[in-house]
Amino acid sequence: MIEIKVPELAESITEGTIAEWTVKTGDAIEKGETIAELETDKVNVEIKSDFSGVIQELLAEPGDNVVVGQVIAKLGEEGASAASDAAPKEEAPKAEEAPKAEPAKEATPAPAAEEKKVSKSRTVASPAARKKARELGIDLDEVSFRDPMGRVRVEDVEAHNQTKNAPKAAEKPAASPSKPAAAAPAQDDTRVERIKMSRRRQTIAKRLVEAQHTAAMLTTFNEVDMTAVMDVRNRRKDAFFKKNGVKLGFMSFFTKAVIGALKSFPLLNAEIQGDEILLKKFYDIGVAVSTEEGLVVPVVRDADKLSFAGIEKEIGDLGKKARDNSLGLKDLQGGTFTITNGGIFGSLYSTPILNTPQVGILGMHTIQRRPVVVDDNDTVEVRPMMYIALSYDHRIVDGKDAVQFLVRVKQLLEDPEDLLLEG
């Protein structure tokens, strides 16, 4: 019998959730064939068999959490399935021949305990007490008395009645919650639906909360006049597509502008490790992509060494892989700075949350035409404007550097020639 285990995934990933089995018990499989899909914190991973054979047993159900090295299936050789099916039939007679356990002796029912007869002398009580006891259905033998002569009086009967009924009174409030309990089935009402969070969504939630708890996060804002970028894009987009086979979008302009600003303000391309600041002299830019499973941030490696076309191709490829759920772990690991674009959904203004351990993230927003003053003569024109936001970790990035970083991004975008000179 061959055991199939959860393979090593990545240094930071030690467990996952069985998303689905692509095989069932009794299926014959070949070496290298996918048998299950494992959902991890970052991506879905296909688990492949290193052997050929027949699936004998699946040891986990879809939705179960499993750890690296855990046995999740057992594999036998061809024909083992039929043999295993026949085995129980051959062994069945042997099971019948097994010595029967000696039946336990029947316990003789204990004779019912005879009711103890308690001899009591006739209780001395006043006529009024006897009448009250009859009205209340109270046995005078159970009533405590205070009279030194042993006589039960009316007040003794009434006191006993109150004591006797006290537990019942206490029980009534306890029983009353049963009425609201009848409303409990409302949770099963069609108006309410319980949906288990996917592992990825749980990880996203955890990381976002951690970012707010561990970083001194602050956001600064500015606005960009997109007239120059849109003019270049409109004039060159056809020739650009014909030459490179990819559309000229806004992301390549913003990526280049961010890299230029990071070179001027390197602390935004760093991270904190203990009591040290790790300055990164490479530019792996994360680009946030929204998928049905949640937000993922694939990374454009060495973006500073790529042309506009190279950046657009890489972003396009990563976006497609994200939507097809085919991103690999290497596509998501690392990253020195992140760009997120809420503008594609119509967002006008937002405060992006850091993608820790990074210390900076730039938020793009929708382009909106609005009146602005464009020169020293107070001329007002309608221009395509975009609000941009920079969230940063105030522990190592001062407000002055953050503001100037965003101003530099604005300058590079409003003067594309300067952007091209930045490389």
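Note that the numbering runs from 1 along the sequence shown for the chain. Quick caveat, the model's predicted, so the values are computed rather than measured.
Note: F308 and F240 fail the aromatic proximity criterion, with ring centroids not under 6.0 Å apart. Here F337 and F405 bring their ring centres to under 6.0 angstrom of each other.
Within the model, atoms OG of S52 and NZ of K31 stand 8.0 Å from one another, a figure rounded to the nearest 0.5 Å. One finds the CD1 atom of I315 at 4.5 Å from the CE atom of M251 (value rounded to the nearest 0.5 Å). For the atom pair CE of M230 and CD1 of I367, the computed distance is 5.0 Å after rounding to the nearest 0.5 Å. Note that the CD atom of Q404 and the CG atom of D401 stand 6.5 Å from one another [nearest 0.5 Å]. Rounding to the nearest 0.5 angstrom, the gap separating the CD1 atom in I55 from the CH2 atom in W21 is 7.5 Å. In this structure, the separation between NZ on K242 and CZ on R236 is 13.0 Å, given to the nearest 0.5 Å.
When T219, T340, N355, T351 are each tested for a side chain to side chain donor-acceptor pair (under 3.5 Å) with S391, only one passes: T219. For the salt bridge (Lys or Arg N to Asp or Glu O under 4.0 Å) with D225, the qualifying choice from R369, R383, K410 is R383, the only one to do so.
Sparse packing is recorded around CD of E276, with 12 or fewer heavy atoms of other residues, nucleotides or ligands lying under 6.0 Å away. Taking a 6.0 Å sphere around NZ of K320, one finds it holds 12 or fewer heavy atoms contributed by other residues, nucleotides or ligands. Open room surrounds NZ on K5; 12 or fewer heavy atoms of other groups in view lie less than 6.0 Å from it.
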- Task: Show the numbers, then the answer: is there a side-chain contact (heavy atoms from CB on, under 4.5 Å) between M226 and F250?
- Result: CA-CA 10 Å; M226 296 293 290; F250 293 118; 3.8 Å; yes

- Task: Give the intermediate values and the outcome of side-chain contact (heavy atoms from CB on, under 4.5 Å) for residues L136 and V157.
- Result: CA-CA 9 Å; L136 298 175; V157 175; 4.2 Å; yes

- After noting the C-alpha distance and the side-chain angles of D302 and D284, does the key distance pass the side-chain contact (heavy atoms from CB on, under 4.5 Å) rule? CA-CA 5 Å; D302 295 320; D284 289 352; 3.9 Å; yes

- Message: Could you walk me through whether T255 and L306 satisfy the side-chain contact (heavy atoms from CB on, under 4.5 Å) test, starting with their C-alpha distance in whole Å, then the side-chain angles of each, then the deciding distance to 0.1 Å, before giving a yes or no?
- Response: CA-CA 10 Å; T255 301; L306 297 177; over 6 Å; no

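The side-chain heavy atoms of I285 and L262, taken from C-beta on, include a pair separated by under 4.5 Å. Using a 4.5 Å heavy-atom threshold, the side chains of T220 and N222 count as separate. By the 4.5 Å heavy-atom criterion applied to side chains, I18 and E61 are not counted as neighbours. Between L218 and Y392, some side-chain heavy-atom pair lies under the 4.5 Å cut-off. Residues V258 and L412 have side chains not in contact (no heavy-atom distance under 4.5 Å, counting atoms from C-beta outward). Looking at heavy atoms from C-beta onward, F254 lies in side-chain contact with I388 at the 4.5 angstrom threshold. Counting heavy atoms from C-beta on, the side chains of F253 and L248 come closer than 4.5 Å. Counting heavy atoms from C-beta on, the side chains of N244 and E312 never come closer than 4.5 Å.
D331 places a side-chain N or O within 3.5 Å of a backbone atom of G328 that can act as its donor or acceptor partner. Checked by atom type and distance alone, the side chain of N269 never pairs as donor or acceptor with a backbone atom of K281 at under 3.5 Å. Within the 3.5 Å criterion, the main-chain N or O of I47 finds no donor-acceptor partner in the side chain of T34. E414 places no side-chain N or O within 3.5 Å of a backbone atom of V224 that could act as its donor or acceptor partner. S49 contributes a side-chain N or O that, together with a main-chain N or O of F51, makes up a donor-acceptor pair within less than 3.5 Å.
Salt-bridge annotation for R395 and D393: present, with a side-chain N of the basic residue lying under 4.0 Å from a carboxylate O of the acidic one. A salt bridge links D231 with R235: the distance from a Lys NZ or Arg NE/NH1/NH2 to an Asp or Glu carboxylate oxygen falls below 4.0 Å. Classification of E223 and R370 as a salt-bridged pair holds, one side-chain N sitting under 4.0 Å from a carboxylate O.
Nearest heavy atom pair, residue A322 against residue V296, reads CB-CG2, 3.9 Å. A pairwise comparison of heavy atoms in Q202 and M197 identifies NE2-O, 2.9 Å as the closest pair. Scanning both residues, L318 and L327, for their nearest heavy atoms gives O-CD2, 3.8 Å. In this structure, I138 and V143 approach most closely via the heavy-atom pair CG2-CG2, 3.6 Å. Contact detail for Q358 and T338: the closest heavy-atom pair is OE1-OG1, 2.7 Å. The shortest non-hydrogen separation linking L279 to A270 is CD2-CB, 3.8 Å.
Of the N and O atoms on the side chains of S350 and H365, at least one donor lies less than 3.5 Å from an acceptor on the other residue.
Contacts of S307 classified as side-chain contact (heavy atoms from CB on, under 4.5 Å), with partners at least two apart in sequence or in another chain: A309.
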